[in-house]
Amino acid sequence: SPIEALNRTIRLSLEKFIAVLSNEHPKMVQVEKAMSDIMNSYNHTKHSSTNYSPIEILRSKDIQTDVFLKQELKKLDIL
């Protein structure tokens, strides 16, 4: 899904960044932990654009359909 792809891209980019810098800066381990907490919070917080969290969307076909239909209606200027 697009949400999983975005999360994976962000996570991989941050992991590469942290891996390179952690050799030079030992405190990068703390940054890695903080980024993990941020990603977890992002994934479990309802977003105003969908009224669902990314995790809720990933886990429910009904919610995916709801979000998709609302987006399509917005494109048609119905919502």
Side-chain angles (χ1 to χ4, degrees):
S1 80
I3 294 168
E4 285 180 314
L6 175 62
N7 285 341
R8 192 170 37 253
T9 300
I10 292 170
R11 189 185 80 251
L12 290 173
S13 295
L14 289 170
E15 285 173 357
K16 287 178 187 177
F17 175 75
I18 290 166
V20 169
L21 290 180
S22 63
N23 291 333
E24 299 171 24
H25 304 285
K27 290 197 175 200
M28 286 306 291
V29 173
Q30 294 172 345
V31 173
E32 185 174 15
K33 169 76 171 92
M35 293 310 298
S36 176
D37 292 346
I38 290 168
M39 293 293 289
N40 189 45
S41 177
Y42 173 88
N43 287 328
H44 290 86
T45 301
K46 289 188 182 208
H47 294 211
S48 62
S49 61
T50 62
N51 291 323
Y52 298 105
S53 72
I55 292 297
E56 289 174 314
I57 295 170
L58 288 174
R59 290 184 178 160
S60 170
K61 290 288 184 192
D62 290 338
I63 292 174
Q64 291 171 19
T65 301
D66 181 55
V67 170
F68 174 77
L69 291 175
K70 285 180 181 175
Q71 288 175 345
E72 292 302 307
L73 291 173
K74 283 183 183 179
K75 287 180 189 175
L76 297 172
D77 205 21
I78 295 174
L79 278 180

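If you read the sequence from its start, that first residue is 1, and numbering goes on from there.
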Exercise. Any chance you could measure Glu56, atom CD, to Asp62, atom CG, to the nearest 0.5 Å?
Key: 12.5 Å
Quiz prompt | Spacing of CD1 belonging to Ile63 relative to CG belonging to Asn51, to within rounding of 0.5 Å | solution = 10.5 Å
Quiz item: Are any side-chain N or O atoms of Thr65 and backbone N or O atoms of Lys61, one a donor and one an acceptor, separated by less than 3.5 Å?
Solution: yes
Exercise. To the nearest 0.5 angstrom, please state how far the CD atom of Gln71 sits from the CG atom of Asp66.
Key: 10.0 Å
Exercise. Over all heavy atoms of both residues, which pair between Pro54 and His47 is shortest? Give the atoms and the distance, please.
Key: CD-NE2, 3.4 Å
Quiz prompt | From Asn43 atom CG to Leu58 atom CG, the distance as rounded to the nearest 0.5 Å | solution = 7.5 Å
Quiz item: After noting the C-alpha distance and the side-chain angles of Ile57 and Gln64, does the key distance pass the side-chain contact (heavy atoms from CB on, under 4.5 Å) rule?
Solution: CA-CA 5 Å; Ile57 295 170; Gln64 291 171 19; 3.8 Å; yes
